[in-house]
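In this chain, residues are counted from 1 in sequence order.
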Amino acid sequence: MENSQILDLVGELRYQSDSPYTKKLYQTERSIVMVVCLEPGQMIPPHSHENREAFVVCLEGEVRFTPGEGPAEVKRNEMRFYDGASAISPRNVGSERAAFLVTLVRKKHA
């Protein structure tokens, strides 16, 4: 993918009834950008992104991230930062579909 390419994020959203949908949209030496789509009730098990910082932007619905630095719900058009060393588990806590964009950036000292 070229640096100047524009992505239609809404066009990248896909939902699967049997499991969360994730797609890597862009990757460089220091960063990864992914989209994650969750049907109501779906979750991703606790995991961490060691040596990275995570910036999450909710595109649709409402997602609860636990435990991280403590449970936090992120709603459409809201952004949250996580230290990738902290394990998180995103879950769609709403009655509608939820999607978020996550940007993982390698820490400079890593």
At their closest point, which heavy atom of [X] faces which heavy atom of [Y], and how far apart are they?
X      : Y     : value
Pro20  : Met43 : CG-O, 3.4 Å
Ser89  : Ile44 : OG-O, 2.6 Å
Gly94  : Pro40 : O-CB, 3.6 Å
Arg91  : Gly41 : NH1-O, 3.4 Å
Gln16  : Glu39 : O-CG, 3.5 Å
Phe100 : Cys58 : CB-CA, 4.0 Å

Quick check: are there more than 12 heavy atoms from other residues, nucleotides or ligands sitting under 6.0 Å from CD of Gln27?
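Enclosed: over 12 neighbouring heavy atoms sit under 6.0 Å from CD of Gln27.
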Starting at [atom1] of [X], measure out to [atom2] of [Y] and round the result to the nearest 0.5 Å.
X     : Y      : atom1 : atom2 : value
Met79 : Phe55  : CE    : CZ    : 5.5 Å
Arg97 : Arg14  : CZ    : CZ    : 11.0 Å
Asn51 : Lys108 : CG    : NZ    : 15.5 Å
Ile32 : His49  : CD1   : NE2   : 8.5 Å
Phe81 : Thr103 : CZ    : OG1   : 12.0 Å
Glu60 : Leu9   : CD    : CG    : 10.5 Å

Got a salt bridge between [X] and [Y], using NZ or NE/NH1/NH2 to carboxylate O under 4.0 Å?
X     : Y      : value
Asp83 : Lys107 : yes
Glu73 : Arg64  : yes
Lys23 : Glu12  : yes

Test Glu53 against Arg106 for side-chain contact (heavy atoms from CB on, under 4.5 Å), laying out the working first.
CA-CA 6 Å; Glu53 297 171 320; Arg106 184 173 295 139; over 6 Å; no
When hydrophobic residues are tied together by side-chain contacts of less than 4.5 Å, even through go-betweens, does Val57 share a cluster with Val93?
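Different clusters.
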What about Leu13 and Leu25, same hydrophobic cluster or not, with Ile/Leu/Val/Met/Phe/Trp/Tyr joined at side-chain heavy-atom distances under 4.5 Å?
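Yes, Leu13 connects to Leu25 through the hydrophobic network.
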Side chain of His47, backbone of Ala87: donor and acceptor closer than 3.5 Å?
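No; zero donor-acceptor contacts below 3.5 Å.
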Partner of Val56 by side chain to side chain contact (heavy atoms under 4.5 Å, CB included), out of Leu101, Val102, Val63, Leu104:
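Only match with Val56 under side chain to side chain contact (heavy atoms under 4.5 Å, CB included): Val102.
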Knowing that exactly one of Val36, Val35, Asn77 qualifies, which makes a side chain to side chain contact (heavy atoms under 4.5 Å, CB included) with Leu59?
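The option that passes is Val35.
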Between Tyr21 and Gln42, do the side chains contain a donor N or O and an acceptor N or O under 3.5 Å apart?
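Per modelled atom types, Gln42 and Tyr21 side chains form no pair under 3.5 Å.
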